[in-house]
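Computed from a predicted structure; not experimentally measured. Counting starts at 1 for both ligands and their atoms, in listed order.
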Amino acid sequence: MSENATAAATGASATERFQATSNGAADTPPERLSTLIRQVLAGVHATIRDNDVTYPEYDALKAWLIQVGRDGEWPLFLDVFVEHVVEEVATADRHGSKGAIEGPFYVPDAPEFGAEATLPMRENERGLKLTFHGQVRAVDGRPLPGAKVDIWHNGEEGFYSQFVPDIPEWNLRGVITTDHSGRFRIHTIKPTPYQIPTDGSTGALIRAAGWHAYRPAHLHLKVTAPGFRPITTQLYFPGDPHNDSDIADGVKPELMLAPTAVGGALDAEYDFVLDPA
Ligand code: DHB
Ligand code: FE
C-alpha cells in the first residue's frame, strides 16, 4: 500500500473535488428546509434521551465533528453512511436496472473510447484480468446504440486514481460508447475490496464502534443515453467476504455479477436497462 495513500490524502482530495464539481446551491424552499432540519434534530434529541447521553459524550461528538471537517472527510463519511438512502429514494420509481451510490471518487470527463476498449492502466498493473461486457437497452427492449458507459474502479492497492498521488491521472477510468446493437466490451482488471481510510476521523469512529471498514470489490458505472434517465450504479463479485457487511450498504442482489473464469481471467456480462426520461 502506498505510504502517501493516507486518509488525509484521500479525504482531502475528495473534499476538493466535490467543491470543484458540484453546483452547491440547493433551491430548497425555507419550509422544506425547516421540516428536514427539525426532523434530523428530533432524531438526535431522541437518541440523547433514549440513551441518557452525557456531557463527556456530547463533547466527544463535538470534537469528532470538528475533526471530520479538518480531515476533509465529509464526502467520505456521508457517502458511506448516508448516500445509500438518498439513492434508494431517488430511484424508487424506476423500472430499469438498479442503481447504487456514486461514492466520493467519480471524476467526469474521463477518456472516451469506442464500443470495445482497454481501460487506461499501468504497464505493470497488478490484478486479475477482467472482461466486462453487455448491452444497454431501453425498458421496452430496444437496444441503445451510442449510449455512454462511464466506468471507474480501484486497482490492487485499493485506491482510485486522482485521489492519491502516484497513480496516473485516468488509471482505470474511461467512457465507452455502445455500438450499433447497444453493446460494449471493456478490458480491465478485477477491482479490490476497499477499506475506508482508517487513519482519519471516519476510521476512528469505525474502530471505536468495533466495526470493520471494508466495502466489497466493486465496479462503479454511470450509464447514459439521450432521452433516458441516467443510471449510477455499482457491480459486485460473488464470494467477496464483505458482500454481506458493506460499510456503505451499497450491495443489492440485482447488482451481483456472475463472472466465469476463462483461462486465468474473468469474463462478466451485465446488461443495463434504462428508463425513459
Ligand atoms: C466510499 C468509497 C467508495 O469506493 C465507495 O464506492 C463509496 C464510498 C467512501 O470512502 O466514502
Ligand atoms: Fe468505490
Side-chain angles (χ1 to χ4, degrees), residues 1-2 4-19 21-22 64 67-69 71-88 90-91 98-108 110 119 127 130 132 149-164 167 170-174 186 188-207 209 211-223 231-237 240-252 255-257:
M1 215 174 256
S2 158
N4 291 322
T6 59
T10 312
S13 304
T15 294
E16 277 163 31
R17 187 69 60 176
F18 181 76
Q19 288 165 348
T21 60
S22 73
W64 180 80
Q67 197 56 42
V68 178
D71 292 345
E73 286 200 15
W74 279 118
L76 295 185
F77 178 83
L78 290 168
D79 292 350
V80 167
F81 293 111
V82 180
E83 190 191 352
H84 70 97
V85 188
V86 180
E87 193 278 329
E88 175 190 311
T91 63
K98 284 279 180 205
I101 60 173
E102 176 173 312
F105 301 138
Y106 175 63
V107 183
L119 290 188
L130 167 70
F132 171 63
V149 179
D150 192 338
I151 181 169
W152 72 105
H153 65 85
N154 66 10
E156 250 196 22
E157 310 100 313
F159 301 113
Y160 290 83
S161 59
Q162 299 194 38
F163 291 84
V164 293
I167 299 181
W170 295 106
N171 213 58
L172 303 176
R173 297 177 184 270
I186 299 166
T188 183
I189 55 154
K190 182 179 177 288
T192 288
Y194 166 82
Q195 190 164 205
I196 303 308
T198 50
D199 49 352
S201 36
T202 307
L205 174 76
I206 289 169
R207 223 173 6 261
W211 304 335
H212 75 69
Y214 278 95
R215 299 217 59 224
H218 55 278
L219 299 172
H220 286 272
L221 298 126
K222 279 179 186 284
V223 183
I231 289 183
T232 299
T233 194
Q234 299 187 20
L235 296 172
Y236 302 91
F237 295 81
D240 190 292
H242 307 294
N243 278 340
D244 296 327
S245 62
D246 177 8
I247 186 77
D249 256 315
V251 182
K252 303 177 186 182
L255 302 178
M256 202 54 68
L257 291 166

Worksheet item: What is the minimum heavy-atom distance between Ala248 and Ile101, and which atoms define it?
Response: CB-CD1, 3.8 Å
Worksheet entry | Exceeds 12 heavy-atom contacts within 6.0 angstrom, atom OH of Tyr214 | no
Discussion item. Strictly distance-based, threshold 3.5 Å: is any side-chain N or O of Gln67 a donor or acceptor partner for the main-chain N or O of Ser201?
Written reply: no
Could you list, one pair per line, each nitrogen or oxygen of ligand 1 together with any protein nitrogen or oxygen closer than 3.5 Å, giving atom names and the distance rounded to 0.1 Å?
from, atom 1, to, atom 2, distance (Å)
ligand 1, 4 (O), Tyr160, OH, 2.9
ligand 1, 4 (O), His218, NE2, 3.4
ligand 1, 6 (O), Arg215, NH1, 2.7
ligand 1, 6 (O), His218, NE2, 3.1
ligand 1, 6 (O), His220, NE2, 3.0
ligand 1, 10 (O), Tyr194, OH, 3.1
ligand 1, 11 (O), Leu76, O, 2.9

Worksheet entry | Contact check, side chains of Ile247 and Phe81, non-hydrogen atoms, under 4.5 Å | yes
Fill in: Among Trp152, Tyr160, Trp170, side chain to side chain contact (heavy atoms under 4.5 Å, CB included) partner for Val107
Trp170
Practice prompt. Evaluate whether atom NZ of Lys98 has more than 12 neighbouring non-hydrogen atoms of other residues, nucleotides or ligands under 6.0 angstrom away.
Written response: no
Worksheet item: Per the side chain to side chain contact (heavy atoms under 4.5 Å, CB included) rule, which among Asp150, Leu235, Ile231 passes with Leu221?
Response: Leu235
Discussion item. With 2.8 Å as the limit, count the protein N, O or S atoms near the Fe ion (ligand 2).
Written reply: 3
Worksheet entry | Single hit among Leu255, Leu219, Leu257 for side chain to side chain contact (heavy atoms under 4.5 Å, CB included) with Tyr236 | Leu255
Worksheet item: Of the options His242, Gln195, Gln234, which is the one that meets Arg215 in a side chain to side chain contact (heavy atoms under 4.5 Å, CB included)?
Response: Gln234
